[in-house]
Amino acid sequence: MANNRRTPGLSGLSRNPITTAQYASHGSALRSSHLASLQTQLSVFQQLLHQFSITHAKEIRSNPSFRAEFARMCNAIGVDPLVISGGSMKKPAEQDGKSWSQMLSGSSSGSVNDFYYELAVRVVEVCRATRAENGGMMAVTEIAQRVQKGRGIGGGMEVSEDDVLRAVKSLEPLASGFKVLRLGSKQMVRSVPTELNTDQAIVLEAVQVLGYVTVSMLQINLKWGRARAVAVVDDLVAGSLVWVDTQGEEAEFWTPTFIREFAG
């Protein structure tokens with residue numbers, strides 16, 4: 001005789017409140033366990049990273065390549081070398097703001113945070129010293145070169161473009177107005193609070209690529225009327241963002257960075 005007894009299906013399980021509660025409780029316990037494990041692993045890794053930064057602080061400070069590799073290692077696990085959480089896994093917006101200055105407080109002088117804070121001072125100094133020349137818009141490459149040459153307090157420093165970018169980022173909490181912009185293939189540091197409008201940004205991007213522009217070039221390539229092109233370059237000249245060369249048949253508007261690179 002065939003066995004007509006039916007086994008309980010999903011509907012039967014869903015009607016059992018005790019079984020449902022047990023599954024929910026077990027799932028919650030698993031999630032809590034996994035989260036605790038990840039937090040422990042991240043805490044351990046951050047402590048090792050902290051110890052590594054102390055042990056190799058001198059090399060991190062003096063060797064741009066080593067410093068860049070250290071920064072990439074931090075970024076690989078989502079840890080900011082300048083703003084690192086004190087052992088708890090949090091999103092950037094939720095981090096408690098514990099900085100390297102706190103984590104490395106027991107290390108010797110010349111730690112990682114000291115390097116970037118000192119470099120930030122040099123970047124501010126260089127940008128302010130050249131503001132009359134470039135209107136507060138300077139290529140990251142040029143800033144790094146000037147810092148290396150030691151044109152300012154304390155002599156030169158061995159730095160890379162990545163170092164300059166991180167130093168500028170460290171100024172953000174101060175609401176200093178320093179900001180990194182990309183114009184064409186170049187990254188620029190803007191040290192004045194003035195925002196570029198769309199037309200100005202387009203012209204500056206063209207200047208970074210070509211070295212210079214003329215009013216007729218803007219009219220032909222961008223299909224602008226003469227009044228619009230003249231208004232844009234006049235504003236850029238007034239802000240010292242471009243220089244004027246009137247030796248040719250038509251005035252040419254050059255970027256200060258390109259002129260220095262060409263002259264060098």
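This chain uses plain numbering: 1 for the first residue, then up along the sequence.
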At what distance, to the nearest 0.5 angstrom, does CE of Met137 lie from CG of Leu196? 4.0 Å
Quick one: do Leu210 and Met217 satisfy side-chain contact (heavy atoms from CB on, under 4.5 Å)? Show the steps, please. CA-CA 11 Å; Leu210 303 173; Met217 289 169 61; 3.6 Å; yes
Taken to the nearest 0.5 Å, the spacing of Ile202 CD1 from Asn221 CG works out to 12.0 Å
Minimum heavy-atom distance Arg131-Ser240, with the two atoms named: O-CB, 4.4 Å
If you take all heavy atoms of Ala251 and Val244, which pair is closest and at what distance? CB-CG1, 4.2 Å
If you look at every heavy atom in Val123 and Ala167, which pair is closest and at what distance? CG2-CB, 4.4 Å
Closest non-hydrogen atom pair between Val192 and Gly135, with its separation: CG2-O, 3.7 Å
Verify same cluster id: Ile220, Val203 (apolar side-chain graph, 4.5 Å): no
Just by distance, do the side chain of Thr130 and the backbone of Glu133 share a donor-acceptor pair under 3.5 Å? no
Using a 4.5 Å cut-off on heavy atoms from C-beta on, say whether the side chain of Trp243 contacts that of Asp245. no
Dump the intermediate steps for side-chain contact (heavy atoms from CB on, under 4.5 Å) on Phe253 and Val215, then the final yes or no. CA-CA 9 Å; Phe253 301 90; Val215 170; 4.1 Å; yes
What's the separation between atom CZ in Arg226 and atom OG in Ser216, rounded to the nearest 0.5 Å? 8.0 Å
Is it true that atom CD of Glu250 has more than 12 heavy atoms of other residues, nucleotides or ligands lying nearer than 6.0 Å? yes
Should Val233 and Leu218 count as side-chain neighbours, where that means a heavy-atom distance under 4.5 Å? yes
Is it true that, when you exclude Phe178 itself, more than 12 heavy atoms of the residues, nucleotides or ligands shown sit nearer than 6.0 Å to its CZ? yes
Restricting to non-hydrogen atoms, name the atom on Arg166 and the atom on Tyr116 that form the minimum distance, rounded to 0.1 Å. CD-OH, 3.4 Å
For Cys127 versus Ile143, what's the shortest heavy-atom pair and its separation? SG-CD1, 3.9 Å
Is Asp163 reaching over with its side chain to a backbone N or O of Val159, donor-acceptor style, under 3.5 angstrom? no
Going from OG on Ser191 to CG on Leu171, what distance comes out if it is rounded to the nearest 0.5 angstrom? 11.0 Å
Stepwise, does the side-chain contact (heavy atoms from CB on, under 4.5 Å) test hold for Val242 with Leu204? CA-CA 8 Å; Val242 296; Leu204 284 179; 4.0 Å; yes
Is the side chain of Gln200 donor-acceptor paired with the backbone N or O of Asn197 at a distance under 3.5 Å, no angle test? yes
Drop me the distance from Leu241's CG to Met138's CE, to the nearest 0.5 angstrom. 13.0 Å
Glu142 CD to Met188 CE distance, which is reported to the nearest 0.5 Å: 8.0 Å
